[in-house]
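Everything on this sheet refers to the single structure shown next.
Residue numbers start from 1 in every chain, and the chains themselves are labelled A, B, ... in the order their sequence lines are given, proteins ahead of strands. Below, each value reflects all heavy atoms present in this structure, side chains not excepted, and no hydrogens, waters or symmetry copies. Being a predicted model, the structure only gives us computed values, none of them experimental.
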There are 2 protein chains.
Amino acid sequence: MNQRETMTQFGKEALLQANISELLPFASLDEDQTRKMIDLATVHRVKQNKTYFDEGDRAENFFLLIDGFLRIVRTTKEGDQVVVLHIAPGQMFGIAKAFESVNYTATAQAASEGLALSWPSELWDKFIQDYPGFQKATRRAVGTRVTEMQDKLISMATHQVERRIAHAILRLLEQAGKETEDGVAIDFPLTRQDISEMTGTTLHSVSRCLSKWQRDGLVRSERRRVVVRQPESLPV
Amino acid sequence: MNQRETMTQFGKEALLQANISELLPFASLDEDQTRKMIDLATVHRVKQNKTYFDEGDRAENFFLLIDGFLRIVRTTKEGDQVVVLHIAPGQMFGIAKAFESVNYTATAQAASEGLALSWPSELWDKFIQDYPGFQKATRRAVGTRVTEMQDKLISMATHQVERRIAHAILRLLEQAGKETEDGVAIDFPLTRQDISEMTGTTLHSVSRCLSKWQRDGLVRSERRRVVVRQPESLPV
DNA sequence: CGCCGACTTGATAACCTTCAAGCTCCGTGG
DNA sequence: CCACGGAGCTTGAAGGTTATCAAGTCGGCG
């Protein structure tokens, strides 16, 4: 919060001083290289539920999420939304270049107000050449993502609703878990609808499920908020 | 085994003469480069339902499928198999290197008897440096795959069984469709069980579905074989 | 204060899995 | 060559899970 304010005011300078350089793609860069990279970047501040880019847009930039969370969403012809995955701070997104793709294949929507850097896609190959860690980082990002999608696919194919919801919530805990005196909270606003779009079910089923878990003391669920008290007791 | 020997000795020459060089990663290479690549390759001939490699194996090689079809499969702790995607001739697979991964994350199982080339993973980065088309080809392969998995995810999340089955079959038609006097056939043996593992349902539901489509004249389905007569009439 | 978005909960019904039984095809071994 | 067995497939019936429909609560914001 405080930090966010600071960033707003001083922008890129603040980014340098903050622990940005510890974020993944910058990991193996020295201060000078990091500075160069940041000099080339554009800063994006995006309000909750607004998008960084939309499915089908020309992929003119690639992004690094600094703060906040976002969901990668695809919309069907019928208008159903499906959340393909979530992105946490430090991860890159909109990396169409890694797929030789001209357009973004999905929408990047802010789950909470967020801050990101972007670079023109033309710089992609240059970064790969100039900064050895960058190539590795992008590969790892792609790998993580593929694995995550596979897990999701398997979950959808083999489990029924309750376990799918449990899986989704556990994954979010890993990415965005925040200790509270009450248990581990998911650190951004999350509606029943959101969860249903992640798990391919209805908000009604999600509601019933959370209600049941709450009765059993496994979670505390409020409006737009989920806190897990006993992660290990959720149905695998 | 014996067979692999034979192929090693006599096979490569034949590969060169065949239209191997038209297959994707070789596309932009001249004859000399292609020869060099093939000289470094190992030939694999794999019987139906045998595997090229298994989930968790050390990713010592990456592969190019020359002939036959294969499925990329993951198995859950409970023993459920899920077919994540299918690979057609000309596509690379086992490309753990593209994900900075040390092990294969899934099993590659021959859907029909098949032939593949492999190279040691150490050569990956060399190929990328030496052969400009290779980088592009791998990126495109990864992109196609991600898109395909997303589509599958969306299908699973929003459609019910009948449409999921229709989607799966249409995708297979694109990858492995073969014109016959009777309609477009899927060009490798495919059981109800296989289809159920692709769509997250049971072989019973698949059977009922195909029976119904057969009654309506949309498909002809036999033992391990599916022929589609009216692709456009399948439920989107 | 009233409205809207988020959420809950019951009732009903559709969809699909599960269980059960039996069929056909094909390879194998007697 | 035929019998046998197993793999692949079909179909009915029953039952459970989950979506859909419907009604209403809660809480924040203009």
Side-chain angles (χ1 to χ4, degrees), chain A residues 47-50 76 78-83 109 111-112 155-169 186 188-216 219-227 235, chain B residues 47-50 76 78-83 109 111-113 155-169 186 188-216 218-227 235:
Chain A
K47 287 246 160 55
Q48 195 183 334
N49 293 330
K50 299 290 180 197
T76 65
E78 288 89 7
D80 298 308
Q81 293 212 135
V82 179
V83 176
Q109 191 178 38
S112 55
S155 186
M156 300 268 295
T158 62
H159 301 322
Q160 37 197 66
V161 168
E162 194 182 11
R163 293 181 63 179
R164 298 211 298 270
I165 296 174
H167 271 131
I169 290 188
I186 291 169
F188 57 83
L190 185 70
T191 68
R192 310 293 183 260
Q193 175 80 28
D194 291 335
I195 299 176
S196 74
E197 284 170 2
M198 297 170 57
T199 52
T201 178
T202 62
L203 69 108
H204 309 274
S205 293
V206 174
S207 177
R208 277 183 240 275
C209 202
L210 289 178
S211 295
K212 188 182 135 206
W213 290 344
Q214 174 135 334
R215 272 198 298 283
D216 298 344
V219 305
R220 243 160 55 74
S221 77
E222 299 158 13
R223 223 188 145 86
R224 297 157 146 271
R225 185 150 187 276
V226 176
V227 184
Chain B
K47 287 243 160 55
Q48 195 181 338
N49 292 330
K50 298 291 179 196
T76 65
E78 289 90 8
D80 298 309
Q81 293 213 133
V82 179
V83 177
Q109 190 178 39
S112 56
E113 183 175 1
S155 185
M156 299 270 294
T158 62
H159 301 323
Q160 37 198 63
V161 168
E162 193 181 12
R163 291 182 65 180
R164 296 211 300 269
I165 296 174
H167 270 133
I169 289 187
I186 291 168
F188 57 84
L190 185 69
T191 68
R192 310 292 184 261
Q193 175 80 28
D194 290 336
I195 299 176
S196 75
E197 285 171 2
M198 297 171 57
T199 52
T201 178
T202 61
L203 69 108
H204 308 275
S205 293
V206 174
S207 176
R208 278 183 239 274
C209 201
L210 290 178
S211 295
K212 189 183 133 203
W213 290 345
Q214 174 135 332
R215 274 197 297 283
D216 298 345
L218 303 186
V219 305
R220 243 162 53 74
S221 77
E222 300 159 11
R223 208 168 214 258
R224 300 157 142 268
R225 185 152 186 276
V226 177
V227 184

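No contact: B/Leu210 has no heavy atom under 4.0 Å from any strand. Here A/Ser205 lies in heavy-atom contact (under 4.0 Å) with sugar-phosphate atoms only.
Of all nucleotides listed (C/dC16, C/dT8, D/dT10), C/dC16 comes nearest to the side chain of B/Gln160. Picking from C/dT17, C/dA6, D/dG8 the nucleotide with the shortest atom distance to the side chain of A/Thr191 gives C/dA6. With distances taken from any side-chain atom of A/Arg224 to the nucleotides C/dT8, D/dT10, C/dA6, the minimum falls on C/dA6.
In terms of modelled atom types and a separation under 3.5 Å, the side chain of A/Arg164 and the main chain of A/His159 share a donor-acceptor contact. In terms of modelled atom types and a separation under 3.5 Å, the side chain of B/Asp216 and the main chain of B/Trp213 share no donor-acceptor contact.
One side chain, B/Arg192 or B/Ser221, offers a donor N or O that lies under 3.5 Å from an acceptor on the other.
A heavy-atom distance below 4.5 Å is found between the side chains of B/Ile186 and B/Ile169.
The nearest whole Å value for the distance from the CD1 atom in A/Ile165 to the C1' atom in C/dC7 is 14 Å. Taking atom CD of residue A/Glu78 and atom P of nucleotide D/dA19, one finds them 17 Å apart after rounding to whole Å. In this entry the distance linking CD of B/Gln193 with P of D/dG6 reads 18 Å, nearest Å. D/dT17 atom C1' lies 15 Å from atom CZ of A/Arg163, rounded to whole Å.
Two residues, B/Arg164 and A/Ser207, neighbour DNA chain C, and the one matched to the more 5' nucleotide by heavy-atom proximity is A/Ser207. Heavy-atom distances to DNA chain C give each of B/His159 and A/Arg223 a nearest nucleotide, and the one nearer the 5′ end belongs to A/Arg223.
Taking 3.5 Å as the limit, the base of C/dT18 and the side chain of B/Arg208 contain a donor-acceptor pair of atoms between them. Under 3.5 Å, the side chain of A/His204 and the base of D/dT18 form no donor-acceptor pair of N or O atoms.
Axis deviation across the helix from C/dC1-D/dG30 to C/dG30-D/dC1 amounts to 30°, comparing end segments of five pairs, rounded to 10 degrees.
With A/Ile195 as the partner, the side chain to side chain contact (heavy atoms under 4.5 Å, CB included) test is satisfied by one option alone out of A/Thr201, A/Leu190, A/Leu203: A/Leu190.
Between A/Ser221 and C/dC7 there is no side-chain polar atom (N or O) within less than 4.0 angstrom of OP1 or OP2. Between D/dT18 and A/Thr202, no contact under 4.0 Å exists linking OP1 or OP2 to a side-chain N or O.
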